[in-house]
Amino acid sequence: MVTVNIGMLHYILDHVYGAFVHRTKITPPFFSRGWGGTKLELLERLISQLFPEVEGQNWPPSLIRPIWRTVWETQNACLREGVFRTPCGEQLLSALPPESHNARVAFLVPKDVPPQKMACVVHLAGTGDHTFERRLRLGGPLLKQNIATMVLESPFYGQRRPMLQRGAKLLCVSDLLLLGRATIEEARSLLYWLDSEAGFGKMGVCGLSMGGVHAAMVGSLHPTPVATLPFLSPHSAVVAFCEGILKHATAWEALREDLAAKEAAMTLEEDDGYIPKHSVLELQKAWPGSEVRWVTGGHVSSFLLHNNEFRKAIVDGLNRLEWKESSL
């Protein structure tokens, strides 16, 4: 009889995938142009504004007005795509590449259901998720439960990718922080639009990996209760790039030269080769009363095999919210 360590198999799958994608040098590494210079100083000031010292002083979301076009329509559902100017302030806008100034969003909605009787979840992109398709496939089956799906194309990704950037390989560390700050502002504005303009009864925000980090920040900062569902997510991008497989895809020499600092020690942990288990538990510590659900698998296999568990978490998270009272 042969005993197979399933956790080890998933861990190996993460590393085989990571070795193929990140160690073969098919694409350039992350942050090949260093830290980003003066943009980092600007972002340090802007990011400090995200978390005010006094509770309840978060800045209100900006109102956006997307321009919509219908992609397809059936008897039961409709898919629209919208474009809107990023709501980022002038300082942040000047730091973003021009290609990222306009945001794109896909909106999959069940038909013939009053919005106040529907929920909608905003899905944020994980690392390398340049299109709408994967997240629409995740949210599509939820239409039967009157849950709409809104998919945001991240800055620096898809049609918003800078001309000189190859794939998802951001050129500077400052680009990662810009991507995160702009995504947070855009997602908060989309939730505000769903609430105040579209009139949905419940809202949520979710994301996988990097998208989950951003979803956690959006949920923490939004002024009204939203179901917040980070999937396969660390508590910080630091662990993904310094402890997980992405450390093999990072231009450490360029960063060392740029910063003239010593290389940090990096370690691996079992099960998920991208996100260490201790990092997941940090999120639970930050949110008393939150629930952590474990799936059997690593980062890649869970992404491929556990969409049903992710959908169940979305439904259960929304069920914990009270329906918004209709003004009609």
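If you read the sequence from its start, that first residue is 1, and numbering goes on from there. Only this structure's heavy atoms are used, side chains among them; waters, hydrogens and symmetry mates stay out.
- When each of D129, T183, L176 is checked for a side chain to side chain contact (heavy atoms under 4.5 Å, CB included) with M210, only L176 meets the rule.
- Q165 places a side-chain N or O within 3.5 Å of a backbone atom of G167 that can act as its donor or acceptor partner.
- With sequence neighbours excluded, the residues that form a side-chain contact (heavy atoms from CB on, under 4.5 Å) with L164 are R33, L171.
- Of the possible donor and acceptor atoms, none in the side chain of Y157 sits under 3.5 Å from a partner among the backbone N and O of A125.
- When each of L92, L190, L221, T86 is tested with E185 by the rule side chain to side chain contact (heavy atoms under 4.5 Å, CB included), just one qualifies, namely L92.
- Residues G128 and A168 share a closest heavy-atom pair of CA-CB, 3.7 Å.
- Annotation: side chain of E197 is in contact with side chain of R65 (closest heavy-atom distance under 4.5 Å).
- Put simply, the side chain of V205 reaches to within 4.5 Å of the side chain of L124, judged on heavy atoms.
- The shortest distance between side-chain heavy atoms of F231 and S209 does not fall below 4.5 Å.
- Counting heavy atoms from C-beta outward, P223 and P61 have side chains that approach closer than 4.5 Å.
- Qualifying side-chain hydrogen bond (donor to acceptor under 3.5 Å, both in side chains) partners for T131, counting only residues two or more places apart in sequence or in other chains: E133.
- Closest approach of S94 and Q91 over heavy atoms only: OG-O, 2.7 Å.
- Grouping Ile, Leu, Val, Met, Phe, Trp and Tyr residues whose side-chain heavy atoms lie under 4.5 Å apart, directly or via other members, places V151 in a hydrophobic cluster with V71, W72, L79, L108, F132, L136, L143.
- The salt bridge (charged side-chain N to carboxylate O under 4.0 Å, His left out) test applied to R161 returns no partner, not counting sequence neighbours.
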Test log, rule side chain to side chain contact (heavy atoms under 4.5 Å, CB included), inputs F107 and V122 | CA-CA 9 Å; F107 193 23; V122 177; over 6 Å; no
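- A search for salt bridge (charged side-chain N to carboxylate O under 4.0 Å, His left out) contacts involving E253 returns R256, not counting sequence neighbours.
- In this structure, the separation between OG on S100 and CG on L179 is 7.5 Å, given to the nearest 0.5 Å.
- Note: F200 CZ to M118 CE = 4.0 Å, rounded to the nearest 0.5 Å.
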Please output the side-chain donor-acceptor pairs of residues 310-323 that fall under 3.5 Å, not counting sequence neighbours, one pair per line with the distance.
unit_1: R311; atom_1: NE; unit_2: L138; atom_2: O; d: 2.7
unit_1: R311; atom_1: NH1; unit_2: N308; atom_2: OD1; d: 2.8
unit_1: R311; atom_1: NH2; unit_2: R137; atom_2: O; d: 3.1
unit_1: K312; atom_1: NZ; unit_2: D316; atom_2: OD2; d: 2.8
unit_1: D316; atom_1: OD2; unit_2: R293; atom_2: NH1; d: 2.9
unit_1: D316; atom_1: OD2; unit_2: R293; atom_2: NH2; d: 2.9
unit_1: N319; atom_1: ND2; unit_2: V315; atom_2: O; d: 3.4
unit_1: R320; atom_1: NH2; unit_2: E291; atom_2: OE1; d: 2.5

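- With sequence neighbours left out, N102 forms a side-chain contact (heavy atoms from CB on, under 4.5 Å) with V83, R85.
- Rounded to the nearest 0.5 Å, atoms CZ (R181) and SG (C88) are 7.0 Å apart.
- The structure places CZ of F84 at 4.0 Å from CD1 of I64, a figure rounded to the nearest 0.5 Å.
- The side-chain heavy atoms of M150 and V105, taken from C-beta on, include a pair separated by under 4.5 Å.
- With sequence neighbours excluded, the residues forming a side-chain hydrogen bond (donor to acceptor under 3.5 Å, both in side chains) with R69 are E81, listed by chain and number.
- Under a 3.5 Å cut-off, the side chain of E153 and the backbone N or O of Q159 do form a donor-acceptor pair.
- Using a 4.5 Å cut-off between side-chain heavy atoms of Ile, Leu, Val, Met, Phe, Trp and Tyr, Y192 falls into a hydrophobic cluster with L63.
- In this structure, CG on D195 lies 11.5 Å from SG on C120, to the nearest 0.5 angstrom.
- Residues forming a side-chain contact (heavy atoms from CB on, under 4.5 Å) with E90 (at least two apart in sequence, or on another chain): L93.
- Contacts of T70 classified as side-chain contact (heavy atoms from CB on, under 4.5 Å), with partners at least two apart in sequence or in another chain: E73, C78, R80.
- Listed by chain and residue number, nothing satisfies the ring pair (Phe, Tyr, Trp, His ring centres under 6.0 Å) test with F156 (two or more places apart in sequence, or in another chain).
- Between H123 and L152 the shortest side-chain heavy-atom distance does not fall below 4.5 Å.
- Within the model, atoms CG of L208 and CG of L229 stand 12.0 Å from one another, a figure rounded to the nearest 0.5 Å.
- Inter-residue side-chain proximity for C172 and D175 is flagged as met; some heavy-atom pair is nearer than 4.5 Å.
- A donor-acceptor pair is defined here as one N or O able to donate and one able to accept, closer than 3.5 Å; such a pair exists between the side chain of T74 and the backbone of A77.
- Shown here for S174 and G36, the closest heavy-atom pair between the two residues is OG-CA, 3.4 Å.
- Nearest heavy-atom pair, G219 versus T228, reported as atom, atom and distance to 0.1 Å: CA-OG1, 3.4 Å.
- Within 6.0 Å of atom NZ in K111, more than 12 heavy atoms from other residues, nucleotides or ligands are found, so the atom counts as buried in its surroundings.
- Side chains of E186 and P155 form a contact here, defined as non-hydrogen atoms less than 4.5 Å apart.
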